[in-house]
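Okay, structure first, notes after.
Chain letters run A, B, ... following the sequence lines, proteins first, then strands; residues in each count from 1.
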2 protein chains.
Amino acid sequence: MTEHCSHSDHASCTLPSSEQVANFLDQAEVLCDRRNLRFTKLRKQVLALVCKAEQPVGAYHLLDELRESGRSAAPPTVYRALDFLLEQGLVHRLATNNTYLACAHPQHPHAAVFLVCSVCGHTQEVHTEGIIAELRRRAEQFDFAIKHASVELTGWCGRCRRSQ
Amino acid sequence: MTEHCSHSDHASCTLPSSEQVANFLDQAEVLCDRRNLRFTKLRKQVLALVCKAEQPVGAYHLLDELRESGRSAAPPTVYRALDFLLEQGLVHRLATNNTYLACAHPQHPHAAVFLVCSVCGHTQEVHTEGIIAELRRRAEQFDFAIKHASVELTGWCGRCRRSQ
DNA sequence: TTTTGTTATGTTATAATATAACGTTATTTT
DNA sequence: AAAATAACGTTATATTATAACATAACAAAA
Ligand SMILES: [Zn+2]
Ligand SMILES: [Zn+2]
Ligand SMILES: [Zn+2]
Ligand SMILES: [Zn+2]
């Protein structure tokens, strides 16, 4: 799960506590209730797994974890749950490495920028409406209307850069 | 192949003529010569196929075309050629739909923004160093050094919007 | 110009990611 | 309760990409 903290030094950011995860799941439940959608046991379980992960996770990793938990599961099991969570803005998908991560701010629909460290895998969701708005303006100059922006910046996080 | 024209109304832009493709291949050859790299028959053939395509193409589509041309080819054949072309900046890969397209300006290494129409598939490479520089500045605030920027904007091109 | 090392390609197999199709179960609506 | 809808189980398969190892082409050295 991406940190919900405000500071930029993510190196000092603690991993999501079980309390934070529970909080996030509660949020998700409220959100689904308001939209008259079913936050089923499967969807909750998959979201919990994505939240608990320190880094964005692959679909088949989630599948393994579902199976380890005792549940009968096949690829469609996890992909259907992920599709639901993506549609509701509860998770994001990273196209550059086919992984999924919990959204840092699921309350409001938004486009986001992702900073993906290619060394340690640490990934940070950055909300910069300014950038997205600027992209939208530029696209308009080309007579293009953006529906979805995928902005994934791969590189080195500070911690990895400092340790070579 | 993305247009090399300056106007923004891509709807009026003609498809790459065989002359334009030949020109592009010549450029690529010069570029490889200068770098002391082998612009082999296979690499040239794959680049030609990517150039001729009206839209970004998938690896297995290229594989089919290679086979149709009479050449013996397997997945590694096309992926190795694509890897070379990607490394040399002659083609780009779109992570959001796993396709490849010729670079509009291979002379200079650059990051680019792609406008991908989800209706007709038309894809335009836009060079906006301003945006990329701004992304780099924002990333720095998070102690992050960008090595590769993937900026893929999916939506509706003007032509498709006007025809519903 | 043979030898030798290096780079590129051929070939087979397999990994990794994702979806189609159809039957069953659970939930909601009538 | 019955019917309709939505979610899930299950099997099979599609799509995208790479591992591993053999052969061929090329370049540098002897
Ligand atoms: Zn988000
Ligand atoms: Zn890192
Ligand atoms: Zn380019
Ligand atoms: Zn279009």
Side-chain angles (χ1 to χ4, degrees), chain A residues 28-29 32-50 53 55-67 69-88 90-101 121 150 152, chain B residues 28-29 32-33 35-50 53 55-88 90-101 121 150 152:
Chain A
E29 185 149 25
C32 289
D33 281 351
R34 275 205 291 259
R35 295 176 188 171
N36 268 310
L37 298 169
R38 303 190 211 162
F39 192 54
T40 63
K41 194 173 171 185
L42 171 64
R43 290 165 177 173
K44 183 171 183 174
Q45 193 178 355
V46 170
L47 182 55
L49 290 172
V50 174
Q55 293 177 6
V57 284
Y60 279 74
H61 179 75
L62 294 171
L63 179 55
D64 288 343
E65 293 189 305
L66 281 180
R67 283 171 168 162
S69 83
R71 171 186 274 277
S72 152
T77 311
V78 63
Y79 280 107
R80 285 194 285 228
L82 285 173
D83 286 346
F84 173 85
L85 298 171
L86 285 167
E87 277 166 17
Q88 300 313 315
L90 291 164
V91 309
H92 293 287
R93 177 178 187 270
L94 298 182
T96 45
N97 60 7
N98 305 313
T99 58
Y100 304 82
L101 74 164
S150 166
E152 303 176 20
Chain B
E29 185 150 25
C32 289
D33 281 352
R35 296 176 188 172
N36 268 312
L37 298 170
R38 301 189 212 164
F39 192 54
T40 64
K41 195 175 172 186
L42 171 65
R43 290 164 178 175
K44 184 172 184 174
Q45 193 179 355
V46 170
L47 183 54
L49 289 172
V50 175
Q55 293 176 5
V57 285
Y60 279 75
H61 179 74
L62 294 170
L63 179 56
D64 289 342
E65 293 189 305
L66 282 179
R67 283 170 168 164
E68 281 166 17
S69 81
R71 171 187 276 275
S72 153
T77 311
V78 62
Y79 280 106
R80 285 194 283 228
L82 285 172
D83 285 346
F84 173 86
L85 298 171
L86 285 167
E87 276 167 17
Q88 300 313 315
L90 291 164
V91 309
H92 293 288
R93 176 176 188 272
L94 297 182
T96 46
N97 59 8
N98 304 314
T99 59
Y100 303 82
L101 75 164
S150 167
E152 303 176 21

Which whole-number value in Å describes the distance from [X] [atom1] to [N] [atom2]?
X       : N      : atom1 : atom2 : value
B:Leu62 : D:dT16 : CG    : P     : 11 Å
B:Tyr79 : D:dA17 : OH    : C1'   : 5 Å
A:Lys41 : D:dA6  : NZ    : C1'   : 19 Å

| message | Tell me whether B:Arg35 contacts the main-chain N or O of B:Gln88 through its side chain, where contact means a donor paired with an acceptor under 3.5 Å. | response |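 Confirmed, B:Arg35 side chain pairs with B:Gln88 backbone.
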| query | How is A:Arg80 classified with respect to the nucleic acid when contacts are heavy atoms under 4.0 Å: base, sugar-phosphate, or nothing? | reply |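 Base contact.
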| message | Need one value for B:Tyr100: base, sugar-phosphate or nothing, where a base atom within 4.0 Å counts as base even if backbone is also close, heavy atoms only. | response |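 Result for B:Tyr100 = sugar-phosphate.
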| Upstream residue (5' side of DNA chain D) when B:Arg93 and B:Arg38 are each assigned their closest nucleotide |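 With B:Arg93 and B:Arg38 compared, the 5'-side residue is B:Arg93.
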| field | Terminal contacting nucleotides, 5' and 3', DNA chain C versus chain A (heavy atom, 4.0 Å) | value |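 Listing 5' to 3', DNA chain C meets chain A from C:dT17 to C:dT27.
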| task | Hey, which sits more toward the 5' end of DNA chain C by its nearest nucleotide, B:Ala74 or B:Leu42? | result |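 Mapping each residue to its closest nucleotide by heavy atoms, the 5'-most match is B:Leu42.
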Gap between atom [atom2] of [Y] and atom [atom1] of [X] - 0.5 Å precision:
X       : Y       : atom1 : atom2 : result
A:Leu85 : A:Lys44 : CG    : NZ    : 13.0 Å
A:Thr77 : A:Leu82 : OG1   : CG    : 11.0 Å
A:Asn98 : A:Arg93 : CG    : CZ    : 5.0 Å
B:Leu66 : B:Tyr60 : CG    : OH    : 12.5 Å

| Is there a side-chain polar atom (N or O) of B:Tyr60 under 4.0 Å from OP1 or OP2 of D:dT15? |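 Looking at the OP1 and OP2 atoms of D:dT15, neither is under 4.0 Å from any side-chain N or O of B:Tyr60.
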| Any idea which of D:dT18, D:dA27, D:dA17 is nearest the B:Pro76 side chain? |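 Taking heavy atoms from C-beta onward, the closest nucleotide is D:dT18.
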| message | Quick one, A:Leu49 and A:His61 - any side-chain contact, counting heavy atoms below 4.5 Å? | response |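 No, side chains not in contact.
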